[in-house]
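Just so we're on the same page: letters track the sequence lines, and every chain starts at 1.
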There are 2 protein chains.
Amino acid sequence: MEAVISEAVALLDEAGDSALTFRALAARLGGGAASIYWYVANKDELLDRASDHVVAQVLVDTEDFHGSEDPIDDLRAIAVALFGAITVRPWLGAYFMRDTGVQPNALALYERLGQQVLRLDLTPRQSFHAVSAVMGFVVGIAADLGQKPPQEVVDGSVERDEHIERFADQWRSLDPAEFPFVHHIADEFAGHDDTEQFRAGLDLLLAGLRLQADA
Amino acid sequence: MEAVISEAVALLDEAGDSALTFRALAARLGGGAASIYWYVANKDELLDRASDHVVAQVLVDTEDFHGSEDPIDDLRAIAVALFGAITVRPWLGAYFMRDTGVQPNALALYERLGQQVLRLDLTPRQSFHAVSAVMGFVVGIAADLGQKPPQEVVDGSVERDEHIERFADQWRSLDPAEFPFVHHIADEFAGHDDTEQFRAGLDLLLAGLRLQADA
DNA sequence: CGAAACATAGAACACTGTTCGATGATTGCG
DNA sequence: CGCAATCATCGAACAGTGTTCTATGTTTCG
């Protein structure tokens, strides 16, 4: 049983979303496809269990992220850790938003974020909105980055830079009068780092939260 | 051609993500499934075109959202409009994040957000991060709401409240010592409004942005 | 008129999730 | 020990999917 979802995660990690098929998974486990149905009711449950399995690891990794002087620092640290986990596993983003309240470990993570917000001076409604916003932001940005490149860039990172540069060139070739902003940030886009981009947005969100807490 | 993607959008609107199949679409159009391949190379392109088609409408709806006294007000208005469009069409969220830079109308929307940010006093990098953050937040939250209820709640909104209430009850039955935050916000969750929740998070983000612009 | 471009479908293929029924393996117990 | 009951596995089949191929009509226009 543990081997089933463990191998499912491995399969997703190696070849992505579309690679997880009952027959492929069965081949890895050295058995028939129908056998998997003894452990899991359907594919949805398989994905839920796989997601929850890696979220459990995030939970472990963020175990000590509490009790620092500034609750918002803890909040940021947890969010960054979750973001990192989804960045490494793009498939996780897609299957994360669904059933946030159903998958036990996802709920625990939600709670962990919430406990930091509890340390701020906010109304219940404000804290509910704050945690939902952080969670949504992390998942949204991470899923955004989850779009895999066309079919190249499955190897070296040099080609990744080229791919992103080609994108920027495409932007630069647009009409400057009609797309002033795209031109304005084309260079930034060309040399951007995903994690830095995420942290910048997160900091905006947290700055707004701090403003609200200090009001 | 116009009829193809138009009917595809209608199909997605009526019965959701899984209802759009080549055979079902062909039946609606009164023809064979293979005929669709004359207009579109594969299903991915069909979905891209369908997405872009409705984003075009968002573009029209937000045409006048510029030039107000406060650029951030315009930014908020555009974001809310986009959020509304995805709320009405949950399928759009899932297919929105991919190829943001490829689908022309999505790029135009990105530009429209960016032009408001240009009015703020920011570095190119800051404005790049700001627009990406707003875009990611909208899509992330909207996609989060896109998870359709189990299989009920396809009709009256009364049952929706019951469904959400059952969720809240489940939360309330957790161990208060282990889940203090979940208990703290259970009532808020039970009576929450999706749009209000979104706007609250967006306002946090925009407050942080204003802080950065005024610094 | 006739050829070239446009447009349409039916049949088949490979692949997916899923079900069913039969067949082994293991275990507990009288 | 023997044997029934549970646990576990698998092959074969089904319905449904995206996609391709090839053949056939339909329109356009020189």
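The interatomic distance linking A:Met1 (CE) with D:dC7 (P) rounds to 15 Å, in whole Å. The distance from atom CG of B:Asn42 to atom C1' of C:dA14 is 17 Å, rounded to the nearest whole Å. Atom C1' of nucleotide D:dT19 and atom CD of B:Glu45 are separated by 14 Å, given to the nearest angstrom. Atom CG in A:Asp17 sits about 11 Å away from atom P in C:dG17, given to the nearest Å. Going from atom CG of B:Leu47 over to atom P of D:dT17 covers 14 Å, rounded to whole Å. In this structure, A:Leu46 atom CG and C:dT16 atom C1' are separated by 14 Å, rounded to whole Å. Distance CG (B:Asp44) to P (D:dT17): 17 Å, rounded to an integer number of Å. Computed from coordinates, the A:Phe22 CZ to C:dG17 C1' distance equals 7 Å when rounded to whole Å.
Using a 30° and 60° split on the angle between ring planes, B:Tyr110 and A:Phe181 fall in the tilted class, from 30° to 60°. Ring geometry for B:Phe128 against A:His192 counts as perpendicular: the plane angle is over 60°, on a 0 to 90° scale with 30° as the lower cut.
Legend: residues meeting salt bridge (Lys or Arg N to Asp or Glu O under 4.0 Å) with A:Arg112, ordered by chain and number and at least two apart, are absent.
Looking at B:Arg166 and B:Asp169, no side-chain N of the basic residue comes within less than 4.0 Å of a carboxylate O on the acidic one, giving no salt bridge. Salt bridge annotation for B:Arg49-B:Asp52: absent, with no cationic side-chain nitrogen under 4.0 angstrom from a carboxylate oxygen. Between A:Arg160 and A:Glu165 there is no salt bridge, since no side-chain nitrogen of the basic residue lies less than 4.0 Å from a carboxylate oxygen of the acidic one.
Between the side chain of B:Arg23 and the base of D:dG18 there is at least one donor-acceptor pair of N/O atoms closer than 3.5 Å.
Put simply, A:Thr21 has a side-chain N or O that comes within less than 4.0 Å of OP1 or OP2 on C:dG17.
The stretch residues 27-39 of chain A touches DNA chain D through A:Gly30, A:Gly31, A:Gly32, A:Ala34, A:Ser35, A:Trp38, A:Tyr39, each having a heavy atom under 4.0 angstrom from the strand.
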